[in-house]
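Right, one structure below, let's go through it.
For ligands, and for the atoms within them, numbers begin at 1 and follow the listed sequence. Computed from a predicted model, the values in this text were never measured in an experiment.
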Amino acid sequence: MSLREVVNATMTSSRMLWIDASAGVAGDMLLGALVDAGVGLDVLQAAVDSVIPGSVRLRAAQVTRAGLRATKVDVDVLVADPPHRTWTAIRALIDGARLDEPVRAAAAAAFARLAGAEGRVHGISPEQVHFHEVGALDAIADVVAACAGVHALGVSAALCSPIALGSGTIEAHHGVLPVPAPAALELSRGWDVAAGGSGELATPTGLALVTSLASGSAPFPAMRVEVTGIGAGTRDAPERANVVRIAAGPPCAGPQVHGVAQEYAGRRIGDAVLLEANIDDLDPRVWPEVLAHLMASGASDAWLTPILMKKGRPAHTLHVLAEPEAAAALGDAVMAHTSTLGLRRTAVTKDVLERAWTPLAVAGGTVRIKVGHRDGRVLQVMPEFADVVALAAERGEPVADVLLVAQAAAPAAGIEPGAPWPATPGENPA
Ligand SMILES: O=C([S-])c1cc(C(=O)S)c[n+]([C@@H]2O[C@H](COP(=O)(O)O)[C@@H](O)[C@H]2O)c1
Ligand code: NI
């Protein structure tokens, strides 16, 4: 099959998902929207059962919210005294479950975001974050079922509307919390949000899901809408329907696709902090975990360079790039997780290209093409590697093959170094 035939064959089988969280978002609302869009409750239940067998039962019912029909999904907890679970324990459950690989990866990514945000808020490492009793089962069910539902809809790229967070206060486990709840606010970084009303409209779990499933905030993308779903939240307030809406279908060809990519283009990054330490006495087997922990704790990047340091000792320099507000916590993490007695902090200015992500139909799915552009010209073009890996796993193809097809798809869509940006639609926009 030629690339052209592969692309044509996949144009109708890979879907974009648009999530309308303009009235807020929670895990149960997303599940309701997915069931409303046609995903079987049994599909969601099976995914959850593979992670926490016999622990929860999902129930769906038709309800109205401010006069609009919607599907409400409830998560009934079946066990009498459910355990507290750390993120480490939950990750082991997800890793050990019989889940499709894309579902496992999406669920792990969403939970990692949730644990990372809770960890930053409470000043502990993500691994130490405890999900309490019923909350742990509830969150596992929401996250795993939502990821399974999105996969079942055939979605390979998603965008989200500006998100309503709410206002006021809520009673939580540790007393009264401001709205947006601290973890919700943490999860909102980099996303378009507004208060949008009173009460808690977006929960941490809902935000962790949409901000890991979707690649950015965007108005309605250019797509052919094939399925829609409306999911209800618990409260029914008269002033605005407490619902999440979703729409899924193939992205359509045309200049609008590139226009959308422009509208959710990555933000220009300005000031940053570089933390560095020369370390000669850490067991080298520990380094991968240290780097993974720093990334999970909010570092923009963390890496090592081999050096020959004082006294002729082979050693490593640890480099951690961070947004200024995350630097203090990351400095503490470096002290806690390595053997260093100190570190250097340097204020750096990052000169970055404007970025945009354009979804293209590639070999049975959708891969976002990351475009670096400046002054109306494309300078860098790179398939988003995580999308390539996920698609390769889904199709059972070698990553290198999918990468080649994805790299070839970009010039065919008029996206190549030196080309004008926004791109003139070529032969192969998704
Ligand atoms: O229990 C804890 S630690 C807790 C922390 C936070 C922070 O924002 S920190 C928020 N909450 C509230 O718990 C409920 C359930 O949230 P889900 O995401 O599981 O739906 C919600 O009201 C949170 O704001 C709890
Ligand atoms: Ni908390």
Practice prompt. Check for a donor-acceptor pair, side chain of D283 on one end and backbone N or O of R285 on the other, with a separation under 3.5 Å.
Written response: yes
Item to complete: Using heavy atoms and a cut-off under 4.0 Å, could you grab the residues that are in contact with ligand 1, chain by chain, numbers ascending?
Response: E118, V121, H122, H132, I170, H173, H174, L177, A181, P182, A183, E200, T203, P204, T205
Worksheet, complete the sentence: Residue pairs passing the salt bridge (Lys or Arg N to Asp or Glu O under 4.0 Å) test with at least one member in residues 18-35, sequence neighbours excluded, are D20-R245, D28-K72
Item to complete: Can you sort out the partners of H130 under ring pair (Phe, Tyr, Trp, His ring centres under 6.0 Å), two or more places apart, ordered by chain and number?
Response: none
Worksheet item: Would a distance-only check, ignoring hydrogens and angles, find a side-chain to backbone donor-acceptor pair under 3.5 Å from S167 to G197?
Response: yes
Discussion item. Regarding E354 and R374, does a basic nitrogen lie under 4.0 Å from an acidic carboxylate oxygen?
Written reply: no
Worksheet item: Do the ring planes of H293 and H337 sit parallel (below 30°), tilted (30 to 60°) or perpendicular (above 60°)?
Response: parallel
Discussion item. I'd like to know if the side chain of D36 reaches the main chain of G229, judged simply by a donor and an acceptor atom lying under 3.5 Å from each other, with no hydrogens or angles considered.
Written reply: no
Practice prompt. Output yes when E276 and R345 qualify as a salt bridge under the 4.0 Å nitrogen-oxygen rule, no when they do not.
Written response: no
Worksheet item: Between D76 and R59, is the closest basic N to carboxylate O distance under 4.0 Å?
Response: yes
Discussion item. Keeping to distances under 2.8 Å, can you name the protein N/O/S atoms close to the Ni ion (ligand 2)?
Written reply: E118 OE1, H122 NE2
